[in-house]
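Read the structure below first, then the notes.
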Amino acid sequence: MLSLTDSVGLLKGVGPKMAQDLASMDILTVEDLLLHFPFRFEDIKERELTEIADGEKVVLKGIAVSEGIVNHFGYKKNRLLFRLQQDGVVINVTFFNQAYLASKVILGDEIAVFGKWDAKRRALTGIKIIGSQSKEDYQPVYHVVKNLSQARLVKLIKEAFEQYSAVITESLPAQIIQQYELLNRETALYAMHFPKDEEVSQKARRRIIFEEFFYFQLKMLSLKEKEQQKKAGQRITYDNQKLKQLIQSLPFELTAAQKRVTNEICRDLLAPYHMQRLLQGDVGSGKTVVAALALYAVITAGKQGVLMAPTEILAQQHFVTLSQFFAAVPEVHVELLTASTKTKARRELLTNLANGQVNLVVGTHALLQPDVNFADLGLVITDEQHRFGVNQRKILREKGTFPEVLFMTATPIPRTLAITAYGEMDVSIINELPKGRKPILTKWVRPGQMSQVLQYVGEKLAQGDQAYFISPLIAESETLDLKNAEELFAELSSYFKNYRVGLLHGKMKNDEKEAIMAAFKAHELDVLVSTTVIEVGVDVPNATLMVIMDADRFGLAQLHQLRGRVGRGSKASLCVLVAEPKGENGKERMKIMTQTNDGFVLSQKDLEMRGPGEFFGSRQSGLPQFHLADLARDEELLDLAQHAAKELLQRHGELLTTSPLKERLAQQVFTSYFD
Ligand code: ADP
Ligand code: MG
């Protein structure tokens with residue numbers, strides 16, 4: 001019995017040496033070989049010679065009407081000449097210093113030559129010969145290792161199709177193939193390698209990418225469903241009247257986006273399932289207000305709420321905000337718990353959390369200590385959730401009977417990434433800023449204009465404003481980053497002699513960092529020089545200037561995050577990008593930064609320009625590795641596949657226990673947020 005899991009060694013013509021070469025490309029089985037797709041195609045369909053531009057690189061196909069003639073000249077130089085005939089027109093082909101190709105030129109054979117077209121002379125300067133005797137217009141080009149030629153690989157893949165076609169079984173349910181008009185698996189796999197034309201090639205890609213997304217979504221959704229069944233969440237019947245009153249008493253009107261998101265959260269609270277929601281919104285979009293409303297709702301139902309932040313200074317800031325927010329609401333009793341809470345106060349707080357007298361607590365990791373217990377925990381909100389590990393989030397959740405969970409983040413994540421990286425969560429987006437916000441003006445200058453920048457900063461400092469300087473980033477080396485920051489610090493300290501300049505960097509201990517941040521916030525420093533460690537979310541309304549050195553070294557999303565540190569007060573703010581990008585791409589990125597303040601637009605661009613891997617950086621990926629699918633490009637297919645997976649689960653859940661779904665789901669690797 002043949003099977004796609006057979007070793008490639010079983011194919012005709014594969015000896016131990018070739019098997020080794022294949023293995024080095026991770027091709028062990030016949031299936032691996034069939035899934036080793038070409039990375040591009042040479043389009044060798046015949047073209048009208050008059051349509052080819054002078055100097056264009058093309059593939060021309062024709063019959064050899066001469067033998068190859070080699071002329072040697074100079075020292076080690078040679079020239080190979082022959083003539084190709086295409087539709088009655090004869091073309092001269094010249095190869096320089098590739099005399100060995102002469103043996104491939106056989107009178108009367110069809111040959112395809114890739115080369116540079118000389119329109120005036122009607123001649124081709126050859127770059128390489130791409131196979132002869134080919135009937136297909138598209139020639140696949142594969143990644144190969146040194147000793148394995150394209151031609152041999154092609155031959156081998158054809159051989160595999162010949163022997164194994166019959167055992168390439170369909171991996172998608174028939175109704176999905178039909179509904180989404182997909183090629184069947186065998187046709188698609190074959191066309192991935194040897195498409196008849198461009199159209200079939202596209203269809204094949206569509207089918208393969210759909211399948212990748214589909215299984216990923218199916219796995220994720222079925223996990224989510226299981227999770228919801230396992231943990232019947234709480235039904236939190238909050239007091240809608242009171243919530244409305246609080247909203248009406250706010251000094252401002254909620255934006256439409258805030259209203260929408262608050263509704264989404266409230267619906268989750270009332271529903272019997274367990275809320276897992278990610279709240280995304282640009283810095284300053286008003287997430288904290290929404291969080292406060294959700295916490296209040298839970299409190300009106302007699303339950304407790306938690307807001308956890310990644311650093312002490314952020315927790316402190318949230319505590320102040322919430323205390324002010326609830327100042328006139330007597331039933332809310334809010335406290336702060338961090339590592340620096342004094343022993344006696346801590347003991348008292350723990351008692352009051354356990355007996356329910358304190359119904360809202362803001363804090364850091366200190367909340368995760370085993371002796372922190374709640375009377376009735378209803379909602380856990382985590383700010384900048386990516387800074388906590390899966391386990392930390394789990395600990396907090398288990399302190400209640402599966403409280404509702406809301407994650408907040410100011411890093412806008414492109415939709416396709418959010419669906420794949422956080423797909424088991426529901427996503428809410430605040431995509432609008434409160435009215436009357438002064439937009440941050442962003443300017444791009446060259447290093448040569450630095451003296452003007454410094455002069456301008458000096459004028460602003462004289463008016464009592466504060467400024468951030470971000471030192472250049474050298475991704476590979478924290479030591480070099482530090483050196484850069486220290487140099488910049490030294491220069492600025494001597495330039496701004498009459499002002500207080502501080503330095504913040506990644507090698508500092510946490511409490512040192514927090515002390516510097518706190519000093520800047522308290523206006524005990526005028527200028528803060530920092531590497532990118534500068535805290536997301538720290539509010540210094542008086543800081544109106546940010547200068548980012550070598551800005552082209554940063555990703556767009558990161559620049560946007562940094563820029564969000566200013567523009568937090570009533571004064572107009574300016575962000576200066578200092579950069580001399582070499583390539584067009586870099587210039588383009590600097591321009592985009594000056595053109596939009598929309599974090600989602602930027603994150604989408606970032607994804608397109610740098611790819612999904614770079615997007616999250618090395619710290620947290622959680623992203624699945626897709627073989628062919630591309631999260632920047634294939635948004636439409638992702639939606640289709642997600643839709644198909646949802647539909648299947650709702651209407652034909654029974655298929656999950658039958659093949660091929662069962663086997664494929666078992667193979668699907670997936671790191672879940674639930675465990
Ligand atoms: P985020 O947490 O998303 O960065 P915040 O909730 O801290 O944003 O809001 C930033 C500032 O905007 C706060 O001072 C807040 O009081 C104010 N704010 C929030 N929502 C509105 C609104 N709808 N209208 C006016 N000001 C608002
Ligand atoms: Mg905030």
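Indexing begins at 1, ligand by ligand and atom by atom, following the structure's order. Treat the numbers as computed from the prediction; the structure is a model and nothing was measured.
- If you check each of Pro434, Gly564, Ala291 against atom 27 (C) of ligand 1, the one with the closest non-hydrogen atom is Pro434.
- Between Val283 and ligand 1, no pair of N/O atoms sits closer than 3.5 Å.
- Residue-level proximity to ligand 1 for Ile430 is absent, since no heavy atom of it falls below 4.0 angstrom.
- With 3.5 Å as the limit, one finds no donor-acceptor pair spanning the side chains of Tyr499 and Gln466.
- In this structure, Lys435 does not count as a contact residue of ligand 1, since none of its heavy atoms falls inside 4.0 Å of the ligand.
- With sequence neighbours left out, Phe469 forms a ring pair (Phe, Tyr, Trp, His ring centres under 6.0 Å) with no residue at all.
- Inspection of the Thr416 and Glu635 side chains reveals no N or O donor paired with an N or O acceptor under 3.5 Å.
- Residues passing the side-chain contact (heavy atoms from CB on, under 4.5 Å) test with Thr237, sequence neighbours excluded: Leu270.
- In terms of polar-atom proximity, Gln258 is counted as a contact of ligand 1, with an N or O under 3.5 Å from an N or O of the ligand.
- The shortest separation from a heavy atom of Ala410 to ligand 1 is not under 4.0 Å, leaving the residue out of contact.
- Under the 4.0 Å criterion applied to side-chain N and carboxylate O atoms, Lys513 and Glu312 are not assigned as salt-bridge partners.
- Between atom 3 (O) of ligand 1 and the options Gln280, Lys259, Lys287, the minimum heavy-atom separation is to Lys287.
- In this model, no donor atom of one side chain and acceptor atom of the other lie less than 3.5 Å apart for Arg346 and Thr341.
- Considering backbone and side-chain N/O atoms, Gly284 comes within less than 3.5 Å of an N/O atom of ligand 1.
- At a heavy-atom distance under 4.0 Å, atoms from both the backbone and the side chain of Val289 approach ligand 1.
- Within the 3.5 Å criterion, the main-chain N or O of Ala557 finds a donor-acceptor partner in the side chain of Asp606.
- Under a 4.0 angstrom heavy-atom cut-off, Val290 registers as lying outside contact with ligand 1.
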